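The structure presented is a predicted model; accordingly, all values stated were derived computationally and were not measured.
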Amino acid sequence: MSSSNPASATSGNSVYDITLCVDDLRAALSGHGIVLPSLRVDLSSFAGAYRPPAGLVALGNCNAATARRLVTVLRGLTETPSRPPLDVELPAVPRALQGLRRTLRRYLDAPCSDVQLCLTELVTNVIRHVGEGTPVRVRVARTDGRRIRVEVTDPAGQALPVSLPGTLDDEQGRGLALLDAVALRWGVEQGVDGKTVWCELAEGERVAALAGGAERHSDAMPAE
C-alpha cells in the first residue's frame with residue numbers, strides 16, 4: 001500500500017478539511033454580522049498545487065458596505081491587543097496634571113477631554129483626601145466594546161473616595177458627581193497595598209456640553 005495515504009489523512013488539505021474551514025469562517029463572520037453569500041470551496045484546477053489536491057477557499061464577491069465591515073472587524077482584531085496600556089507612576093501633585101493630560105492625549109491619539117477630565121478628578125481626589133505628593137499609579141487602556149478604562153492606584157486603602165460639591169471650573173476637584181455624569185460606570189477596588197479607583201468611558205467625545213469650560217484645562221497636543 002502506498003505510504004501517501006496516511007499523509008493524505010493528516011495533511012489538512014483534504015476536501016473535508018477545506019469544507020470545515022469554510023464552515024468555520026462563515027460562522028466567525030456571521031458572529032460579526034458579516035455574510036458572504038459566495039463563500040465556498042473552489043475545486044478548480046488552481047488547487048492542483050496542493051498535495052494532495054483539495055480545493056481553495058473562495059471568498060467571492062461582496063458589496064462595499066460588507067467590505068468596510070470586514071475591514072473594521074479585522075482591524076479591531078489586530079490593532080486593539082497590540083497597544084499596551086498606558087502605565088505611569090508619579091507623585092500626586094497639582095503641577096503633574098498638565099503633563100499627565102498631555103501624555104493621555106498622545107496615548108489615545110484622539111480628542112479625549114472627557115477622559116482627561118475624569119483622570120484629573122481621580123488624581124485630584126488623591127491629592128485632597130490622601131495627601132499631596134502621594135505616589136500613584138495611573139493605567140489607561142482601551143477595552144472590548146470600544147471603551148476606555150482609567151485606573152488610579154494609591155497606597156491608602158482605607159481612604160475611600162468622597163463626593164464633594166464642586167464646580168466644573170474648579171481645577172482642584174469637580175466632585176465625584178462628575179464620574180457619575182460622564183463615565184459609563186466607576187468603582188473602587190481595595191487591596192492589601194492600597195486601592196484602585198477606576199472608571200470606564202465610551203470612545204469618542206461625550207461631554208462637550210457638560211464640561212463647558214473644561215477645555216481650557218485640557219492641553220492641546222504639541223506639534224511633533
Assigning hydrophobic clusters by single linkage (Ile, Leu, Val, Met, Phe, Trp, Tyr; side-chain heavy-atom cutoff under 4.5 Å), is Val130 placed with Trp198? no

If every non-hydrogen atom of Cys118 is compared with every non-hydrogen atom of Val182, which pair is closest and at what distance? SG-CG1, 3.9 Å

Does Gln116 offer a backbone N or O that forms a donor-acceptor pair with the side chain of Thr120 under 3.5 Å? yes

Check residues 85-92 and write down every donor-acceptor pair under 3.5 Å in which the side-chain atom is one partner and the other belongs to a residue at least two apart or another chain.
{"from": "Asp87", "atom 1": "OD1", "to": "Arg137", "atom 2": "NE", "distance (Å)": "2.9"}
{"from": "Asp87", "atom 1": "OD2", "to": "Arg137", "atom 2": "NE", "distance (Å)": "3.2"}
{"from": "Asp87", "atom 1": "OD2", "to": "Arg137", "atom 2": "NH2", "distance (Å)": "2.4"}

Approximate separation, where rounding is to 0.5 Å, of Ile148 CD1 and Leu108 CG: 4.5 Å

Under the side chain to side chain donor-acceptor pair (under 3.5 Å) test, residues paired with Thr153 that sit two or more places apart: Thr196

Shortest non-hydrogen contact from Thr134 to Pro155? CG2-CD, 3.5 Å

Return the set of residues passing side chain to side chain donor-acceptor pair (under 3.5 Å) with Trp186 (not counting sequence neighbours), or none when no residue passes. Asp180

Checking Leu122, Val126, Asn125 against Asp154 for side chain to side chain contact (heavy atoms under 4.5 Å, CB included), the one that qualifies is Val126

Got a donor-acceptor contact below 3.5 angstrom from the Arg149 side chain to the Thr143 backbone? no

For Glu132, give me all partners under salt bridge (Lys or Arg N to Asp or Glu O under 4.0 Å), at least two apart in sequence or on another chain. none

Where do Glu189 and Arg139 land on the salt bridge (Lys or Arg N to Asp or Glu O under 4.0 Å) test, with the steps shown first? CA-CA 14 Å; Glu189 297 176 357; Arg139 294 183 82 253; over 6 Å; no

Please lay out, stage by stage, how Gln190 and Gln158 fare under the test side-chain contact (heavy atoms from CB on, under 4.5 Å). CA-CA 8 Å; Gln190 291 178 283; Gln158 302 305 314; 4.3 Å; yes

Should Val188 and Val136 be counted in the same cluster of Ile, Leu, Val, Met, Phe, Trp and Tyr side chains packed under 4.5 Å apart? yes

Only counting residues at least two apart or in another chain, list the ones meeting side-chain contact (heavy atoms from CB on, under 4.5 Å) with Ala110. none

How many angstroms lie between CZ in Arg105 and OG in Ser113, if you round to the nearest 0.5 Å? 10.0 Å

What's the shortest heavy-atom distance between Arg26 and Leu39, and which atoms? NH2-O, 2.7 Å

Restricting to side-chain contact (heavy atoms from CB on, under 4.5 Å), what partner residues turn up for Leu70, sequence neighbours left out? Leu29, Ile34, Leu74

Would you kindly confirm whether Val138 and Leu179 end up in one hydrophobic cluster when ILVMFWY residues are joined by side chain heavy atoms under 4.5 Å apart? yes

Can you check salt bridge (Lys or Arg N to Asp or Glu O under 4.0 Å) on Glu203 and Arg146, steps first, answer last? CA-CA 6 Å; Glu203 286 264 23; Arg146 294 184 59 79; 5.1 Å; no

